[in-house]
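Comments concern the structure below.
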Amino acid sequence: MEPQSSVLKKFSLHNRSIVITGAGRGLGLSFARALAELGANIIAIDVHDKPDEEFHDLLSYGVKTVYYKCDVRDPATLKATIGEAANKFGSINGCIAAAAIMTDKPFMEHTVDDMNASFAVNVNGMLSTVQICAEHMIKQKSGGTVICISSTAGHKAVFPQTATAYVCSKHAVLGLVRQAAAELAQHNIRVNSISPGPFLTKMLRSVIAGDPALEEYFSEGNAMKRLAVPEELDGAVGYLMSDASSFVTGNNFNIDGGSGCH
Ligand SMILES: NC(=O)c1ccc[n+]([C@@H]2O[C@H](COP(=O)([O-])OP(=O)(O)OC[C@H]3O[C@@H](n4cnc5c(N)ncnc54)[C@H](O)[C@@H]3O)[C@@H](O)[C@H]2O)c1
């Protein structure tokens with residue numbers, strides 16, 4: 001039987017322009033590499049002045065890239081930045097909201113300010129990012145795809161790590177995704193989340209540096225009994241960002257080595 005269309009073609013992101021927040025380093029930068037390899041133009045946003053060196057390697061995929069220093073907590077500047085990128089690249093077809101911060105403090109010491117600080121980036125910054133990108137997709141009548149980054153910490157506590165504000169914010173991401181998916185489906189915009197387990201990035205290294213015993217906790221907390229490398233998320237972001245997942249929305253993907261088995 002002749003296939004109706006090639007499976008591989010469904011993963012192509014040629015001529016799509018994708019906004020990635022938190023793309024200056026870590027998982028966000030790794031997502032940019034994976035999507036550039038699939039042909040996407042990359043609009044990278046982060047609070048750092050400059051991205052890590054590897055950002056410049058993206059050009060080897062023959063795609064267009066741009067890096068903006070921008071704080072996702074500032075909706076007006078974020079809107080102007082994404083608007084400038086849309087003019088430059090012609091459209092906004094996808095977005096990954098990965099910018100986040102983590103506060104390490106026992107539950108009893110968490111203040112309302114700590115909660116607000118985490119929610120300002122991890123939830124409100126995500127809300128602005130998704131809204132602004134979706135505005136472009138709606139105006140373009142093009143549809144689009146959104147991936148929000150939650151965490152294993154969006155599904156359960158992380159004890160003996162102490163990160164109440166982070167845990168609450170990552171739980172909130174799941175609600176944001178479900179509601180956005182329900183309301184944006186009419187515009188053919190799909191919204192899903194990925195919940196990574198422990199991936200070796202600067203964020204995780206700094207958590208482990210603060211308490212080396214946590215390395216064992218992280219690797220023992222999943223069925224595969226190890227930490228992961230960022231490239232192990234390539235398949236999930238490529239799938240969710242592309243037409244390969246055309247009937248998938250409002251869902252969460254745990255890429256966590258089986259953390260739920262415990
Ligand atoms: N590394 C892991 O094991 C792991 C596990 C689960 C979830 N995650 C999630 O994956 C995402 C990336 O994590 P990572 O490990 O690469 O962390 P990271 O700290 O290396 O990267 C986060 C990026 O977000 C940026 N950022 C922070 N505040 C910002 C703001 N106000 N505006 C714009 N950018 C801002 C940071 O500058 C940084 O480059 C985060 O959402 C994190 O919660 C990571």
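As the structure lists them, so they are numbered: ligands from 1, and atoms in each ligand from 1.
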Closest non-hydrogen atom pair, Leu240 against Thr145: O-CG2, 2.8 Å
On a heavy-atom basis, which atom in Ser128 and which in Leu78 lie closest, and how many Å separate them? CB-CD2, 3.9 Å
Taking the basic N atoms (NZ, or NE/NH1/NH2) and the acidic carboxylate oxygens, is any pair closer than 4.0 Å for Asp234 and Arg33? yes
Could you check whether Asp49 pairs with Lys69 (Lys NZ or Arg NE/NH1/NH2 to Asp/Glu carboxylate O, under 4.0 Å)? yes
Pocket residues around ligand 1 (non-hydrogen, under 4.0 Å) come out as Gly22, Arg25, Gly26, Leu27, Asp46, Val47, His48, Cys70, Asp71, Val72, Arg73, Ala98, Ala99, Ala100, Ile101, Val121, Ile149, Ser150, Ser151, Tyr166, Lys170, Pro196, Gly197, Pro198, Phe199, Thr201, Met203
Is a side-chain donor or acceptor of Ser219 paired with a backbone partner of Glu215 at a separation under 3.5 angstrom? yes
Asn93 and Ser91: side chain donor to acceptor below 3.5 Å: yes
